[in-house]
Protein chains: 2
Amino acid sequence: MTASPARHATILDVAAAAGVSKSTVSNVIRGVVGVSPDTRTRVQEVIDQLGYRPNVLARQLVQQRTTTLGVVVGDMGNPFYAEMAKHIEREAAGRGYRAMFCNTQGENEAELSGLESLMEYRAAGVLFLSQPADRERARSIVSGRAPAVFVTCAGDWGDTVSADDDAGAELATEHLVRLGHRRIAYFADPIVEDSADHDRQTGYHRVMDRAGLAPTIFHWQRQPGELLRQKRDEQVAEILRTRVTAVFSSNDYGAIELLECADRLGVKVPDDLSVVGFDDVVMAGLARINLTTVRQPQAELAGIAVEILDARVNGVLDGAHQRRTLDVELVLRGSTASPQP
Amino acid sequence: MTASPARHATILDVAAAAGVSKSTVSNVIRGVVGVSPDTRTRVQEVIDQLGYRPNVLARQLVQQRTTTLGVVVGDMGNPFYAEMAKHIEREAAGRGYRAMFCNTQGENEAELSGLESLMEYRAAGVLFLSQPADRERARSIVSGRAPAVFVTCAGDWGDTVSADDDAGAELATEHLVRLGHRRIAYFADPIVEDSADHDRQTGYHRVMDRAGLAPTIFHWQRQPGELLRQKRDEQVAEILRTRVTAVFSSNDYGAIELLECADRLGVKVPDDLSVVGFDDVVMAGLARINLTTVRQPQAELAGIAVEILDARVNGVLDGAHQRRTLDVELVLRGSTASPQP
DNA sequence: CTGTCATTTTGGATCGTTCCAGCCGCGCCT
DNA sequence: AGGCGCGGCTGGAACGATCCAAAATGACAG
């Protein structure tokens with residue numbers, strides 16, 4: 001069997017075979033009223049027999065709108081984004097959209113060309129799962145052409161759906177303070193340097209302030225896309241030398257890498273070091289990871305984000321940018337304890 | 001600022017503004033030779049100024065081919081698939097394709113409607129990351145319309161790119177046998193019940209046979225899409241009651257869940273139970289998981305899969321289905337040891 | 001000044017749909 | 001018998017690009 005390209009059947013093929021006009025076939029596939037049951041079944045039979053599938057490109061071209069949702073994600077290898085991508089795909093499909101993902105891997109280049117590509121596909125809307133690196137260029141590519149929703153990251157243009165990062169950070173930091181920690185560091189992950197990160201820092205700072213403690217901020221240093229294990233060990237070792245007893249990481253992925261370094265360096269968690277994450281990815285709940293963390297309601301975030309985008313696309317929602325904030329919850333697990341005397 | 005839909009500029013807008021015909025603009029954006037440098041720069045300036053982006057739908061409609069690759073994936077929440085999805089997205093983008101993902105979550109319905117949708121989008125090719133549940137219907141939807149490549153799972157129609165599952169299973173099982181295990185079970189994950197699984201079972205059986213040992217096969221029982229923790233604990237407890245001392249799981253995700261159950265049940269790994277996985281996802285390498293496993297060359301799998309699909313799409317590769325098998329490697333970590341006497 | 005040829009530019013057909021205005025035929029009312 | 005209304009169906013004009021054959025332009029030789 002040679003793989004013959006086998007031209008797809010068109011609406012005209014169906015029309016000819018059924019002995020009706022293309023308009024009638026169009027009416028049948030779109031399920032409009034005003035087609036006699038007789039004709040309807042006849043056309044449907046031909047459609048099934050020919051395996052006819054309407055060409056979405058032609059349809060969208062004439063309708064001047066698509067059902068494609070662009071999704072920009074920083075790192076699909078990060079479980080949080082993978083899980084969010086899954087939820088978004090499901091929500092989008094549920095509302096009749098198809099999601100087109102652009103994994104940027106923190107590279108500016110990939111992000112911009114991905115966005116341009118999405119615009120070329122006339123994506124009905126764009127969902128940012130991680131903050132655009134070059135926000136100005138990103139804005140100029142998308143703005144005015146498609147509505148944008150920023151999920152889990154803040155964008156100055158477009159709607160925003162995020163967890164209450166500030167409150168979550170407060171919960172996390174307060175938890176550490178209450179356990180008796182005084183040297184509590186904040187860890188930021190540069191790849192996902194969203195302004196979720198910003199709000200989390202704010203919450204962290206406020207609590208530290210209130211408790212009269214000195215804040216310490218650390219940034220992972222890594223090449224985009226790659227994790228350099230040894231370098232990280234050095235970084236962490238250096239940080240521990242500052243006698244920090246607890247760390248609040250801006251996300252679970254970072255927290256888990258931190259645990260990893262700690263294990264390798266022989267630092268006991270939670271005895272020598274307490275660690276709190278943010279996200280509550282599936283992995284964090286594993287007995288072996290057992291990470292105390294702040295849970296983001298992933299499914300709800302995805303649901304509301306797609307809902308808002310859908311409303312914008314259909315012109316139902318109009319006017320000022322929405323800003324939805326969802327409640328978070330501290331999940332106590334085994335990576336935190338009172339500091340050793 | 002009201003969110004005005006702001007019609008996209010068309011090629012005619014550019015042509016009018018630049019004082020040339022649409023054909024000339026078309027020639028400029030396609031970079032064909034035979035446009036005077038003078039005109040070219042003038043047109044380019046207008047393009048930049050108007051922020052014009054060609055409409056891919058119109059282009060693909062007239063060209064009768066798209067640059068969309070459909071990717072069917074069983075469970076994006078499974079880190080192996082998430083990682084593969086990432087690699088595939090990157091490879092596709094590198095060759096000028098856009099990947100469209102369909103997460104089926106093991107649901108037949110989602111899979112078939114996803115495939116139909118991909119065909120409506122006239123996807124140039126389809127990449128299966130997990131075996132279609134209803135292979136006959138899947139085949140009838142895709143076959144003859146777009147080339148298919150099965151990655152990491154076997155399909156009877158289309159090309160196949162996979163790791164050497166059989167050899168990998170042999171390596172894993174032999175490793176356990178050599179450690180002195182006699183009661184070695186095989187664990188199959190129903191969601192990703194690909195025929196990768198089949199080949200892995202084959203390898204397992206062969207080694208067990210050769211060693212004169214009785215094989216035992218277990219299947220996780222779970223609803224598609226959800227993991228029912230307690231039920232799993234029961235299942236695992238029951239299995240351990242059969243005095244199995246080692247388990248070879250058809251994939252890392254299953255192996256990690258197994259570790260999880262063992263931890264909860266107070267079963268010590270590797271002292272009371274040895275566990276080997278398959279895939280070598282990033283997580284498996286974490287010190288706290290430390291899973292002995294068979295490494296699949298993910299990036300190479302993705303690269304070759306997209307390469308073959310590209311060749312099929314362009315008609316460069318013709319004729320019989322390819323079947324590429326990549327070498328695997330046993331990664332020794334801490335989840336395996338000789339059985340306690 | 002004209003003919004030839006190479007280089008640029010152009011108009012129109014085309015892709016497969018949707019959608020709208022209009023047409024056809026039939027039954028009913030007057 | 002003629003007019004009207006209506007359900008069912010149809011043809012043609014979009015949509016925004018590509019691509020080809022043909023036209024325009026310009027250079028240059030005779």
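Proteins get letters first, then strands, A, B, ... in listed order; numbering begins at 1 in each.
- Taking the side chain as every heavy atom from C-beta outward, B/L129 and B/F150 never approach each other to under 4.5 Å.
- Rounding to whole angstrom units, CZ of residue A/R59 and C1' of D/dG16 are separated by 18 Å.
- In this structure, a donor-acceptor pair under 3.5 Å is absent between the side chains of A/T160 and A/Q322.
- Straight-line distance from the CG atom of A/L12 to the P atom of C/dT14: 13 Å, rounded to whole Å.
- For B/S130 (side chain) and B/G74 (main-chain N/O), a donor-acceptor pair under 3.5 Å exists by modelled atom type.
- Rounded to an integer number of Å, the gap from CD1 of A/I11 to C1' of C/dT14 is 17 Å.
- When all heavy atoms of B/A138 and B/E111 are compared, the closest pair comes out as CB-OE2, 4.3 Å.
- Taking atom CD1 on B/I29 and atom P on D/dG16, their separation rounds to 13 Å, with Å as the unit.
- The separation between B/Y121 atom OH and C/dT17 atom P is 14 Å, rounded to whole Å.
- For B/E45, the salt bridge (Lys or Arg N to Asp or Glu O under 4.0 Å) test picks out no residue, with sequence neighbours left out.
- Among the nucleotides D/dC19, D/dA17, C/dT17, the one closest to the side chain of B/R30 is D/dC19.
- Note: CG (A/L57) to P (C/dT18) measures 12 Å, nearest angstrom.
- Remark: P of C/dT17 and CZ of A/R65 are 17 Å apart, rounded to the nearest angstrom.
- For the pair B/D156/B/R135, a side-chain contact is recorded, criterion being any heavy-atom separation below 4.5 Å from C-beta on.
- Distance CD (A/Q60) to P (D/dA17): 15 Å, rounded to an integer number of Å.
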Seminar exercise, completed: Once base and sugar-phosphate atoms are separated, protein heavy atoms under 4.0 Å mark nucleotides 6-15 of chain D, 5' to 3', with B, S and - as --SSBBBBBB

